Structure formats: C-alpha cells, structure tokens
*Asks:* 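If you scroll down you'll find the structure; I have some questions about it.
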Number of protein chains: 2
Amino acid sequence: MARPQLSDEVAAHVRELVLTGQLRAGEFVRVEKLAEDLGMSITPVREGLLALRGEGILTLAPRRGFLVAPLSEQDLLDLFWVQAQLAGELAARATPLLDDEQIAELGELQEKLVTALGEGDLTTVERLNHEFHRTVNRAAGSTKLAWFLKTATRYVPLRYYQRVGGWPDATRHDHFAVLEAFRARDPEAARAAMVEHIRHAGRLLAAHADLPEDTGDGTTG
Amino acid sequence: MARPQLSDEVAAHVRELVLTGQLRAGEFVRVEKLAEDLGMSITPVREGLLALRGEGILTLAPRRGFLVAPLSEQDLLDLFWVQAQLAGELAARATPLLDDEQIAELGELQEKLVTALGEGDLTTVERLNHEFHRTVNRAAGSTKLAWFLKTATRYVPLRYYQRVGGWPDATRHDHFAVLEAFRARDPEAARAAMVEHIRHAGRLLAAHADLPEDTGDGTTG
DNA sequence: CCTCCATAGATCATGCATTATATTTTCTGC
DNA sequence: GCAGAAAATATAATGCATGATCTATGGAGG
C-alpha cells in the first residue's frame, strides 16, 4: 500500500500541526501551500481540510478559506468529559460481555504495561494502553459509541501521553481499578473506574498543554 | 446567497436519502449518478460524501467507493443516549448561567409551543422545540459539547419528529419539567429532566423507525 | 480452478471562472 | 491645496468543471 487516500494523509498531517500548536487558532490554512509541501495537487488537500472541518478542528469561511478553530483549556476539559462518559458507558456495557479469556488477556496487557513502565519504555506503555482500551471498547459492541469516542480522542496529539508528566504512573494505577471491576463483574464499578481514569488523564493533559483559558466566542461553525 | 458550498448541499441531500431509507445499508453511493441528479460536477459530490464519512453515515472502501453504513435500532438508541448525556450536561451547566430574562424567554417559547400544539401546527411545534433547546445549549457556553450534540442530532431526519406519534405531547410535558428546574435554579434537576426528555424522544423515534435489531458486525469504518 | 483482459469507477491533476481583499485612484469638503 | 472617504482597479485565493490515470471487479479462455 503506497499512499492510499491522499486526503486522509492531509487530514492527519494538518491535525497534528494544529494540535501541536504549529498552526494556531485563527490562522488560515492555505490550500496551495499545503499541496506543495505534501507534493500533491490541491484537490485532495481541499478534501482533507473539509474532513477536518467536519471534525470541528477547522472552520470554513466561504470564499475566504479554512482557518484553525479556537481551542481553549475548557474545550479540552469538555472533550475529556465526553471521552470519560463514553468510555465509562462502554466499560459498563463490556463488563457482562467479557469472558474469562478476555479478562485474562486484559490482565496480561496490564502486566506488560507495568514491565514496560519499569524499563522506561514509554512508547510501549502508550501502545499497550491503547490496546487495553481498544479491547474493552470492542467488547462493548457499540459502533456508534465507539465512533464518538474515537472522534473525541482525535484531539489528543499522537504520542503525546508519554510526554505528559505523571501520566504513565496514573495509567498503571487506574487500569488496576478497572481490571478489578471487570473481575468482580461489576458494571457500575467499571464505569466509575474508567470515568475516573479518563478524567485523570484529561487533567494531566490540560495542565501540560499551553492553551488560553477560554476563547470567549461561542462559535460553533 | 445563491448556492454556497455545493458540497454541503450534497451532504444534506445524501444524509436525508440515507436517514429516510431511500438509500439502504450496504448500498454504494455512485458519485457520477449523484452529480448528474444534482446538476453539478463530481468534485463537490465527492467532497460532500467525504464529509458524510466523517459523520459516520457513510464508509469508504478505497478505490471501490462510498457505501451506506449499517444503522441498527440499537445504534439509534445509542445515539440518543449520547444526545441525552450531552443535552443533560449542557442543561446543568446552563442553569446557573441563565438570567431571569432568558428563563422568561424560555417560558414564552413553551407557551407558544402549547398554543401551536393546540392548533395542530406541528411544524411550528418542531421549530419552537428547536429554539428552546438552542437557547439552553447556547447559554451553557461550551463549543465542543454543542458540537458533539449537533453531530448526534444529525441522525434525526429533518421534520421527522412531527411524524412520530406521541412526540408533540411528550415534548409539551417534558419541557415543563425542564423549565421548572431552571426556575428552581437546580442544575441536577435540570440535567435529569433533560436526559429524560431526550431519552423519551429517542424511544418514540426508535419505535417509529423501521430498522434492523442489530447489524452484527462491529465495523467502525 | 486459475490467468488474462476488458470495463467501470474512483482518485488525482489541471485549468478556469468567481469572489474577497488590498491598493490605487478619484472625488468631495474644508 | 490638502485630508479623508468613496470608488475603481489589481491581486490573490477559493470553488467548481473537466480530463487523465490508476485500480478493482467480472467474464472469457485456457
């Protein structure tokens, strides 16, 4: 697979630029320049930017161009609130659906995570964390909830968690609580543990990111 | 404004086709045919379809085309669950932010709604319902929560509520409960009333729509 | 049953018309 | 004659149409 779907490449590229602060709120995203930078024509670039508008990351001023939507610290907390509610519901739903084998698998993932953390291999920690959550969310079996969760998660830059102080330790701690709830087959405990886990991560990330306190305008696009 | 953004027109058009069942799950959406039907070129059509993929309504099979994503009755209930959580949170946040004037305005909207309902003017009922919610959601002042709510709401076909038996009466009843919570300045009561209102609407809509019980596959796109 | 080829369709590149913004010019009032 | 505003022009970038390329599918032939 050489380069499937150039527009996806554009979306991923620009999303990173925005979330890492290389493109700042209010700035215009020039189609032609992007096309040149990425070595492609403007058509797929425009398509990718339209997709990002759909994600709420860009806004479109007709005949003026695409510009970066404002993102305040409160926005980030709100996004994590959404993530927490969704991940909590998925964990609760997954609880009665997880069989012994799957719970054992989650336990193994967590063991590996602890090991990697001991070795300071944060990239592996982040990968295992991702797998842990993916296993839970798939088990819950709700396409639409998973879709919303994925959308909320897109606001976290790639490979970002490992750079956030305190996150790896928090993850180790929080996952044990989630696992325990699964083993006890207690859906509401699983929900509570998962909600707390996500909000925990959100607080750490919001404190780490350098964002304005609030954007002031209630623009929805 | 003659025809701003053809791709938006495409997205709205196809969204309606899908949600009203004129395009069914698994069917391919042919770009060229759509372009001819709507009297435009294939470029904006493709752009519109990419936007719908971003909404989770279509999926993209590379080099094969766009096809309608499956939507089960459970999916619809899940979407309303999301809607309910978000609308509830927004109502709770709005409660301390609404001033007397805004609450009075909501009361007036509700009075007009009752009147319109008495006259059997369901189109006006739906419009007033929309205004009622919009007022609350704007007052809450969270761009991101509002964005997710809007996205979840897009799965309800336009002018659909008025065709759902029992919805108008349910709305009249439920809105009073929400209003009372606002007047009592009780955020949690407002949340509970709003959650119940949305879930109520969701149950009615799911019962009205003719959808498969479950799609079986856990495809997320 | 496997291979090769024809065809339909998606995907991307390019070009043109349209529109918003910046700049310059012209007009008006003092 | 000069300052400021309004109008006209120039420039730049979007938005759409068209055309070329590439890929996946279905069927004929081995």
Side-chain angles (χ1 to χ4, degrees), chain A residues 1-15 17-18 22-70 217 219-221, chain B residues 1-15 17-18 22-70 217 219-221:
Chain A
M1 53 177 213
R3 303 207 308 185
Q5 297 303 107
L6 293 189
S7 57
D8 290 340
E9 192 180 326
V10 174
H13 180 74
V14 175
R15 196 185 297 121
L17 288 182
V18 172
Q22 299 176 59
L23 276 173
R24 291 198 296 186
E27 268 185 63
F28 275 91
V29 183
R30 293 301 170 194
V31 176
E32 197 166 332
K33 174 170 165 45
L34 255 177
E36 194 172 354
D37 288 352
L38 295 176
M40 62 184 71
S41 175
I42 66 169
T43 303
V45 171
R46 180 176 160 81
E47 288 170 358
L49 297 187
L50 279 167
L52 290 181
R53 177 181 70 145
E55 293 180 21
I57 291 177
L58 301 180
T59 61
L60 176 57
R63 284 282 172 192
R64 301 260 339 265
F66 296 87
L67 43 85
V68 180
D217 66 351
T219 312
T220 31
Chain B
M1 53 178 215
R3 303 208 308 185
Q5 297 304 109
L6 291 190
S7 58
D8 291 339
E9 192 180 327
V10 173
H13 180 74
V14 175
R15 196 185 299 121
L17 288 182
V18 172
Q22 298 176 59
L23 277 172
R24 291 199 296 186
E27 269 185 60
F28 275 91
V29 183
R30 293 303 171 192
V31 176
E32 198 168 328
K33 174 169 165 45
L34 254 178
E36 194 172 357
D37 289 352
L38 295 176
M40 64 183 72
S41 176
I42 65 170
T43 303
V45 170
R46 181 176 161 80
E47 288 172 355
L49 297 186
L50 279 168
L52 290 181
R53 177 181 69 145
E55 294 180 20
I57 290 177
L58 301 179
T59 61
L60 175 58
R63 287 281 172 189
R64 302 264 335 269
F66 296 88
L67 44 85
V68 180
D217 65 351
T219 312
T220 32

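Below, chains carry the letters A, B, ... as their sequence lines are ordered, and counting in each starts from 1. On a predicted model such as this, the values are computed, not experimentally measured, just so you know.
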*Asks:* Atom CD of Glu36(B) and atom P of dA17(D): how far apart are they, to the nearest Å?
*Replies:*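 After rounding, the reported distance stands at 13 Å.
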*Asks:* Take atom CE of Met40(A) and atom P of dT14(C), then tell me their distance rounded to the nearest Å.
*Replies:*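 So the two atoms are 13 Å apart, to the nearest Å.
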*Asks:* Under a 4.5 Å cut-off applied to non-hydrogen side-chain atoms, are Arg46(B) and Thr43(A) in contact?
*Replies:*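 Counting from C-beta outward, Arg46(B) and Thr43(A) never come under 4.5 Å.
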*Asks:* Kindly say if Arg46(A) contacts the phosphate of dA13(D), meaning a side-chain N or O under 4.0 Å from OP1 or OP2.
*Replies:*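 No, outside the criterion.
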*Asks:* Measure the spacing between CD1 of Ile42(A) and CG of Leu34(A) and express it to the nearest 0.5 Å.
*Replies:*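 Between atom CD1 of Ile42(A) and atom CG of Leu34(A) there are 11.5 Å.
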*Asks:* Quick one: Glu47(A) CD to dT14(C) C1', roughly how many Å, whole number?
*Replies:*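 For the pair Glu47(A) CD and dT14(C) C1', the rounded distance is 14 Å.
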*Asks:* Taking side chain to side chain contact (heavy atoms under 4.5 Å, CB included) as the criterion, tell me which of Leu52(B), Leu67(B), Leu23(B) meets it with Val29(B).
*Replies:*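 Result: among Leu52(B), Leu67(B), Leu23(B), Leu23(B) is the only option passing the side chain to side chain contact (heavy atoms under 4.5 Å, CB included) with Val29(B).
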*Asks:* Check the surroundings of atom CD in Glu27(B): do more than 12 heavy atoms from other residues, nucleotides or ligands lie under 6.0 Å from it?
*Replies:*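 Buried by this count: over 12 neighbours within 6.0 Å.
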*Asks:* Measure the distance from CZ on Arg30(B) to C1' on dA10(C) and round it to the nearest whole Å.
*Replies:*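 That distance rounds to 9 Å.
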*Asks:* Whole angstroms only, please: what is the CD1-P distance between Ile42(B) and dA10(C)?
*Replies:*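 Nearest whole value for this atom pair: 8 Å.
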*Asks:* Separation of Glu32(B) atom CD from dA17(D) atom P, in whole Å?
*Replies:*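 The answer, rounded to whole Å, is 13 Å.
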*Asks:* Any chance you could measure Arg53(A), atom CZ, to Glu47(B), atom CD, to the nearest 0.5 Å?
*Replies:*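 Interatomic distance, Arg53(A) CZ to Glu47(B) CD, rounded to 0.5 Å: 9.5 Å.
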*Asks:* Is there a donor N/O on one and an acceptor N/O on the other, under 3.5 Å, for the side chain of Thr43(B) and the base of dT18(D)?
*Replies:*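 Answer is yes: a donor-acceptor pair is held.
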*Asks:* Polar pairs (N or O, both sides) under 3.5 Å between protein and nucleotides 19-21 of chain C?
*Replies:*
residue : atom : partner  : partner atom : Å
dT21(C) : OP1  : Arg64(A) : NE           : 3.0
dT21(C) : OP1  : Arg64(A) : NH1          : 2.9

*Asks:* What are the two closest non-hydrogen atoms of Pro70(A) and Ala25(A), and how far apart are they?
*Replies:*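 Distance-wise, the nearest heavy atoms are CA-CB, 3.7 Å.
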*Asks:* Could you tell me how far apart Leu60(B) (CG) and dT23(D) (C1') are, to the nearest whole angstrom?
*Replies:*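 One finds 14 Å between C1' of dT23(D) and CG of Leu60(B), rounded.
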*Asks:* Among residues at least two apart in sequence or on other chains, which ones pass side-chain hydrogen bond (donor to acceptor under 3.5 Å, both in side chains) with Glu55(B)?
*Replies:*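 Scan of Glu55(B) (side-chain hydrogen bond (donor to acceptor under 3.5 Å, both in side chains), adjacent residues dropped) gives Arg15(B), Arg154(B).
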*Asks:* Tell me the interatomic distance from Leu50(A), atom CG, to dT14(D), atom P, rounded to whole angstroms.
*Replies:*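 Those two atoms, CG and P, are 12 Å apart.
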*Asks:* Would you indicate which nucleotide in dC12(C), dT14(C), dT11(C) comes nearest to any side-chain atom of Pro44(A)?
*Replies:*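 It is dC12(C).
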